[in-house]
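One structure is given below, encoded as structure tokens.
So you know, we letter chains A, B, ... as the sequences are listed, proteins then strands, and number each from 1. No hydrogens, no waters, no symmetry mates; every other heavy atom, side chains included, goes into these values.
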Amino acid sequence: MQKKMAYSFPDEVLEHVFSFIQSDKDRNAVSMVCKSWYEIERWCRRKIFIGNCYAVSPRIMIRRFPEIRSVELKGKPHFADFNLVPEGWGGYILPWIVEMAGAYPWLEEIRLKRMVVTDESLELIAKSFKNFKVLVLSFCEGFSTDGLAAIAASCKNLKELDLRESEVDDLSGHWLSHFPETYTSLVSLNISCLGSDEVSFSALERLVGRCPNLRTLQLNRAVPLDKIATILRRAPQLVEFGTGTYAAELRPDVFSNLAGAFSSCKELRSLSGFWDVVPAYLPAIYSVCSRISSLNLSYATIQSHDLIKLVCHCPSLQRLLVLDYIEDSGLEALASSCKDLQELRVFPSDPFGAEPNVSLTEQGLVAVSLGCPKLQSVLYFCHQMTNSALVNIAQNRPNLTRFRLCIIAPRKPDYVTLEPLDVGFGAIVQHCKDLRRLSLSGLLTDRVFEYIGTYAKKLEMLSVAFAGDSDLGLHHVLSGCESLRKLEIRDCSFGDKALLANAAKLETMRSLWMSSCSVSFGACKLLGQKMPRLNVEVIDERGPPDSRPESCPVEKLYIYRSVAGPRFDMPPFVWTMDDEDSALRLS
Amino acid sequence: MGRATSSSSSSIESSNHFAFSNTGASSSSQRDLSTDLRLGLSISTSPSYGREQQSDWPPIKPLLGQALAEDENECNSATFFVKVYMEGIPIGRKLDLLAHESYYDLIKTLEQMFNANIIWAEAEVDADHYEKYHVLTYEDKEGDWMMVGDVPWEMFLSAVRRLKITKC
């Protein structure tokens, strides 16, 4: 009877059904139903996401999924963004490209985050994939404009080239001219990270002019304000636009030209760029503000009153990135004007100053939490916080899914009561039942981790710095947070006990990062031996860990699950603790 | 140059728990947080956040950090990173030329970085032991490889694209 059922759907029908299933989780679930579904699913999977490039090898991926068209890979751990991962650590894309060049000639999309990409890799991509369409390099490094020239010259069907926040060796602005005159398929171009003065503006202008489907264009700082109008008039269909430098001598003709150009962009929904803003030029964008849903002002060093004027023109705003120049008064204005706000990020204008330079406090965040019912995602840098503010925020906004608070001075207590902020963050995890991401700061004891372990059942990513008293804190998190995938910890006195007691938990997570903690080399070795499916990597720039006593804490520790075994591309300051007797492998 | 400094603030905390000596503590910047922290005061990190020290706290992304730092220090906050390769080592390093004032400065850094004896145009060499030395060359705007040190430092800065250290 059952066999009949299995044959009653031809493979093609099942494949067709599966083609409507896009999410990885669902696809994985489908593949586990039975062997024949596994087989059908693996042949028709087109998109793959690999959150840690060392968790699996290219060969394993290719063996299971022979017909992939779109690959997304992440390399270095998140703390690499803050200079905690020494240069040379790893995350090289070349071996992946080499294997995929042979196995996936029809690959269309490559999206990379925190990986080392070389010109050689880019040239190989350009040469190997005839129908290549999308290249997104997010926080990547290691390549130059020569590599981009290769992509521009060869990828006739390229739709998207997005270099968000990557570090590019800007050798020559002429790489843009390598897009042939016949090339017209560009949909999205983000070159905002390109440094120097060299983007050939005339090549850019011609490119924009001949690509009618261009929807996203993010320029780099070097493009002057008076060129914006020219660009916009050639691409009035733009949906997302990033300016270059937004400064020029105030001239009425330039202003009216700019304002006119913006007003002709009826589809514009997202603005960014705004380096070096001259406030007098801001009104040029007012005509589009009512439709703007995303505004990135992270580089706009303008004062509160100019920011308030701007923000009050944007009632449809859903996403705002801004410097703390906005101050509490600006956030109060935001709370009353922008009722659709979903995401707010406030960055510090003077991150290294000893004293706050602006009047931005916990009050601003409380105001937004009160006034913006759809607020889900918060990243907030400030100098002071109280438990009662955090409790308020939690009660106002139980729908928060991402809450990242950075009180700039480490270990700072509630400034009114001088108590730790355990209760405040406890309220956040208790009320915000769908919280997926949390970053802690301020003075925190083991108590806060007890709250997190007890309540944060949907938490997937936790970032901890300068917190906790003992291993109990780490133990609460590892034993209580059922959905935890990524845990990153720095400067906490967590040691061996919690780690070893929760070793099995680590296999259910993507990765654990611990730096400047108290995990001993001996414990790392033990963990590596006990858990063959974990790669336990010790990063230590002081020299080989076995030149110091076993009880000596390691500088940095990165543990991740992997089916590919230990990697072989480690630099001299990384050691892997594997499960052989010679637990130390010198690279 | 350009290496991340490992945060050493925990060495103050952990010295309460472990009796180990942080020997060879590399280029960690020592920030004495202990007293300030107990009083709950804001930490006064050295406001002269120099080019050589890459800060790892507070956690802001590099591009934003750079942009803000440029706004803060009008004086010479510019950087000019070039790649440096040593023959035989596939992984290169990066060096900020503007963090150096002269050829002597640059050579000193490179010798430390690569642990080698480096020759340039004005170096004194032990003629009997050439094989001990490495030569420093640079690629100029025309793509030619030239020995470092022949032209004035400022002229070099405007011409150099990348550096290479080769065996003699």
Side-chain angles (χ1 to χ4, degrees), chain A residues 79 81-88 139 165 167 169 171 193 221 275-276 298-299 301 323 347-356 381 383 406 408-413 415 418 439 441 443 463 465-466 490-493 495 515-518 520 541-543 548-549 551-553 555-556 571, chain B residues 2-11 13-14 16-28 31 33 36-38 40-49 53-69 71-72 79-83 91-94 161-162:
Chain A
F79 274 175
D81 290 351
F82 315 124
N83 300 319
L84 281 172
V85 177
E87 224 175 285
F139 295 95
E165 313 246 11
E167 215 180 285
D169 242 340
L171 297 178
C193 62
R221 191 174 187 172
W275 282 277
D276 321 307
S298 336
Y299 298 104
T301 49
L323 287 170
F347 297 104
S349 55
D350 184 17
F352 309 109
E355 294 299 320
F381 282 82
H383 289 270
C406 181
I408 291 174
R411 300 197 184 89
K412 201 159 183 204
Y415 74 94
L418 295 184
S439 299
S441 58
L443 182 65
S463 309
F466 304 104
R490 59 163 294 180
D491 293 276
C492 297
S493 45
S515 57
S516 304
C517 296
S518 310
S520 71
E541 293 180 276
R542 295 172 297 179
R548 291 179 290 276
S551 57
C552 189
E555 256 177 16
K556 300 173 189 187
Chain B
R3 288 280 290 248
T5 55
S6 53
S7 164
S8 63
S9 43
S10 72
S11 63
E13 284 297 305
S14 27
N16 296 331
H17 299 272
F18 293 87
F20 76 99
S21 56
N22 196 2
T23 52
S26 70
S27 49
S28 346
R31 293 190 296 224
L33 303 174
D36 286 349
L37 294 173
R38 265 166 224 134
L41 296 172
S42 9
I43 139 184
S44 53
T45 39
S46 138
S48 61
Y49 145 65
Q53 244 178 296
Q54 282 182 358
S55 185
D56 56 35
W57 187 267
I60 55 175
K61 307 257 179 182
L63 281 184
L64 183 62
Q66 264 171 42
L68 293 174
D71 287 336
E72 287 292 314
T79 58
F80 179 29
F81 281 93
V82 295
K83 291 185 192 170
I91 302 204
R93 301 292 301 270
K94 266 198 166 159
R161 279 179 26 168
R162 51 190 119 186

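Within the 4.5 angstrom heavy-atom criterion, atoms from both the backbone and the side chain of B:Leu64 approach chain A. Looking at A:Pro549, neither its backbone nor its side chain comes within 4.5 Å of chain B, counting heavy atoms on both sides.
With hydrogens and angles disregarded, no donor-acceptor distance shorter than 3.5 Å links the side chain of A:Glu165 to the backbone of B:Leu63. In this structure, the side chain of B:Asp56 does not engage the main chain of A:Asn83 through any donor-acceptor pair within 3.5 Å.
When the salt bridge (charged side-chain N to carboxylate O under 4.0 Å, His left out) test is applied to A:Glu167, the partners found at least two apart in sequence or on another chain are B:Lys94. For A:Asp81, the salt bridge (charged side-chain N to carboxylate O under 4.0 Å, His left out) criterion is met by A:Arg114, B:Lys61, not counting sequence neighbours.
Put simply, of A:Tyr415, A:Phe139, A:Phe79, the one with the most heavy-atom pairs under 4.5 Å next to chain B is A:Phe139. When each of B:Pro62, B:Pro59, B:Gly92 is scored by its heavy-atom pairs under 4.5 Å with chain A, the top score falls to B:Pro59.
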